[in-house]
Structures are given as structure tokens and as C-alpha cells.
Number of protein chains: 2
Amino acid sequence: MEALRKYFMSVEDLSAGEMDFLLSHIKTKEIPKGTPLFQEGDLVRSIYFLESGVLHHFNYTPEGEKKTLRLREAPCFCTDLESFSTAKRSEQSCVAMTDCTIHELTKPKYDSLINTSMRWSNFVKTITELSLVKVLEEIKEIANKSVRERYHELAEKRPGLLQVVPLQTIASYLGTSRETLHRIRRTEILQNS
Amino acid sequence: MEALRKYFMSVEDLSAGEMDFLLSHIKTKEIPKGTPLFQEGDLVRSIYFLESGVLHHFNYTPEGEKKTLRLREAPCFCTDLESFSTAKRSEQSCVAMTDCTIHELTKPKYDSLINTSMRWSNFVKTITELSLVKVLEEIKEIANKSVRERYHELAEKRPGLLQVVPLQTIASYLGTSRETLHRIRRTEILQNS
DNA sequence: TTGTTAGTGTGTCATTTGACACATTTTTTG
DNA sequence: CAAAAAATGTGTCAAATGACACACTAACAA
């Protein structure tokens, strides 16, 4: 619960009562490694807050190859927003790469929250904006960088991922082969010694 | 004005009075090719709606190389959201690549709009969500694709850009050299004939 | 119109990458 | 613990790419 409280407080200063009101909308779960939050074809009806752990977003190409779309580290919000807000079937799966603690906000609870008052509607709007900013940053990170540069950024900005995520998944995330990523790592090690 | 009206109507059905109220917040401008909307180092104080034309987002590497971050086609909203909503200095420039018609919503007008009523606050929230969905789609388009695949997607989904944007800028957007993009195009032409 | 500049097309060559094959190591599972 | 499965490390080779050099063309301004 700590990360979530902290996140909400970073958005806006909340009284104890306000915080309790917010938290009354969510349900906390512990899920073991390998558990799917949602899968390709599902209607995603919840927004999740990842309290601890790592999540893996992926889908399959027509050729049946698994492609990593995103890797998410706690603390963060996670859902398929397109599916959640427009009730389309999701085109991706999201699976826990480690044991995770998540908080779930279901669609009915979400709707009830934003219709409570302008206060909460604007609170949610601010969180949506922050998420948008974060995604735009992610684009800036990806856009127009070589695989090598992107790997370095990853190692700098999200070192935790490298501990937990298999090399071949990182390779898929960076859009390269596991062999090439291996070569990049090898030259790293040589340079550092 | 047409594209903007149409966009608002696609978000939600609005009465003539509501539409006029919304439009009373914006100011329309014609700007010639080459005009900057904002530049690296600016505080971005407006959200723009691109009625017609193409915009170029870019910045410079430490080595002084110009890097294309995004290419935007009308109709779309455009700003540096990070700068706009958190009052940081922008790390990118946005310049008109063609003559453009834009609608400007300044920060004071924006604030006044979202504080008018829950109705308009939620209207803006919906637009923010739609933008977020659009950016996430853009990520899916970029992530984990070869330059060749990304070029094809661009040619399919945004053929208008290829008419207007110089090859070398597209190359920069795709993260490759102009020579390589040229080779990709050349093999295209050979295959189609 | 005529320079001037920006943009494109093309060839060469060193380097990087992907694909494949297989050895080795680590992790999982019965 | 032992066997099986998953993941990683490594070599080879063909193909793709980047960097450079320079010719050619289009767009623009004096």
C-alpha cells in the first residue's frame, strides 16, 4: 500500500479522510510470477497500480513470434487504456514477470470516483496527464536511438529490470536479436575492465 | 475551423451553444512554412490544434545533430505537455513544415475552461485520454519494428507525410541514414514494377 | 535569369547485424 | 537429486547498414 499512498500524495496533498476515500475504491492482490493481468482478446475492465514487481506487455506477430511491447517496473499504473476506455478487445497480454503486489481499480469504481465531484474528476485528469507525459518521455527514449544507446539508457534509468528480465526479452523489447544484445553486453564488459 | 468542430463532435455530441462556448476559448492563426510554434528552452503556454498542415518536432544532440522526434499531421492536438502542465522549459522545438492553420488555446483559457464545470472538466479529461491512447498506438507502431517495417507503416497510415516531408527528415524520424532509407525506397520501386 | 543552397541518387568499403548451429550454463520440475 | 527445459555464450557467414565522396536535380533568392 505504501507506494500507492506515496504516489497519490505526490499528485496532490490529501487529508487522511480523502486518502481513505480513495483507497476504499481499490482492492489489493498478491499475484505469483506468471499470472496474467489480462490477455489478448480480453475486455480490460480495470486499472492496476503495480505496488511491487515487474510486468511484461507483449503480443504475437502473425508468424507466431512473441514481441515485447513494454516492460513496467513498480511503482506505476498499468492497464490497456484503449480497451479500458473504449471497450475494445485488447491486442496485447500483460503478465507478471516476478511475484507482484497490485491494487485493482475496477471500471465501476472508477466511474463512481470521477462522478463523485469535480475535485476527484480533476484528480484523475491530473493522473491521466502525468501518465501521458511519462509515455511521451518513453517515446523520446526510444525514438531515433540505436539499440546500443537504448540499452545504455535502460541500464541507467531502469537497472532493476536487467536483474529480473531475461536477456532475450530485453532484446525483443529493444527490437534486436538476443545474439546482438549479447555482443553489446560483451563489449561493455571488455570496456569496463 | 471545420476540422476542430468535427473533432469536438467526435468526442461528444455538442449543442450549437456549447460549441460556441468552446470555440470562444481559442484563437485561430495562419502561419507560413518555417514558423516555430515553440522552441527548445521555451515555456510552452498553449495547446495548439493543427487544422491543416504538418508539424516537425525535433531537438539537437550534444553533437549538434538535428533529431526528428515526431511528425504530426492535421488534424491533431499539439503541444509539449510536460512543459505546458508542469511549467518546465521545453527540450524540443516544433516548427511548421508547411503553411499551417492552427487554433491556439492558452493556459489561462484552458484553466478557465476546466474550472467552469464538471461537464467541461470531464470533456477535457476525455480528450487527454484519447491523446494518451493515440500516443500508445504510436509506441506500438515504433516498438520492435525494423526501419523497413516502420517505413511501410508510415507509407500506409500517413501517406500525406511522404509528400511533404523531405526524405532525410523521414530517415531521421525512423532512426536511420538518408542513404539507407533511399535504398529501402529503391527496392520498393523495383518490386512494384 | 543566375547563382546558391537544399535535397536526392549512387558507388565503395569497413562495420554491424541476423540467422543458424551448437556448446555451456542455469533454472525448473518431477 | 536427476532429467528436462530454458536461457545464455560463441563462431561463421551472408546480408544490411553507416559513413564518405561526389554527381545530379529542385527550390529559392538576389
Take the protein atom [atom1] of [X] and the nucleotide atom [atom2] of [N], then report the distance between them rounded to whole Å.
X: B:Glu149; N: C:dG18; atom1: CD; atom2: P; answer: 12 Å
X: B:Arg183; N: C:dT17; atom1: CZ; atom2: P; answer: 15 Å
X: A:Ile184; N: D:dT8; atom1: CD1; atom2: P; answer: 15 Å
X: A:Arg185; N: D:dA7; atom1: CZ; atom2: C1'; answer: 11 Å
X: A:Glu179; N: C:dC22; atom1: CD; atom2: P; answer: 14 Å
X: B:Leu181; N: C:dT8; atom1: CG; atom2: P; answer: 9 Å
X: A:Arg178; N: C:dT26; atom1: CZ; atom2: P; answer: 16 Å
X: A:Gln163; N: D:dA7; atom1: CD; atom2: C1'; answer: 16 Å

Do any side-chain nitrogens or oxygens of [X] fall under 4.0 Å of OP1 or OP2 in [N]?
X: B:Thr176; N: D:dG18; value: yes
X: A:Lys33; N: C:dT27; value: no
X: B:Gln168; N: C:dA6; value: no
X: B:His182; N: C:dT8; value: no
X: B:Ser177; N: D:dT17; value: no

Of the nucleotides C:dT17, C:dT10, D:dA19, which one has an atom closest to the side chain of B:Arg186?
C:dT10
Picking from D:dT17, C:dG9, D:dT8, which would you name as closest to the side chain of A:Leu167?
D:dT8
Would you please say whether a donor-acceptor pair under 3.5 Å links the side chains of A:Tyr173 and A:Arg70?
no
Please confirm whether the backbone N or O of A:Phe38 pairs with a side-chain atom of A:Asp42, one donor and one acceptor, at under 3.5 Å?
no
Before you tell me yes or no, could you show the steps for B:Glu12 and B:Arg119 under salt bridge (Lys or Arg N to Asp or Glu O under 4.0 Å), namely the whole-Å CA-CA distance, both residues' side-chain angles and the distance that decides it to 0.1 Å?
CA-CA 11 Å; B:Glu12 220 170 281; B:Arg119 163 112 176 77; 2.4 Å; yes
Taking the six-membered ring for Trp, are B:Phe77 and B:Tyr48 closer than 6.0 Å centroid to centroid?
no
Would you call A:Arg158-A:Glu73 a salt bridge at under 4.0 Å N-O?
no
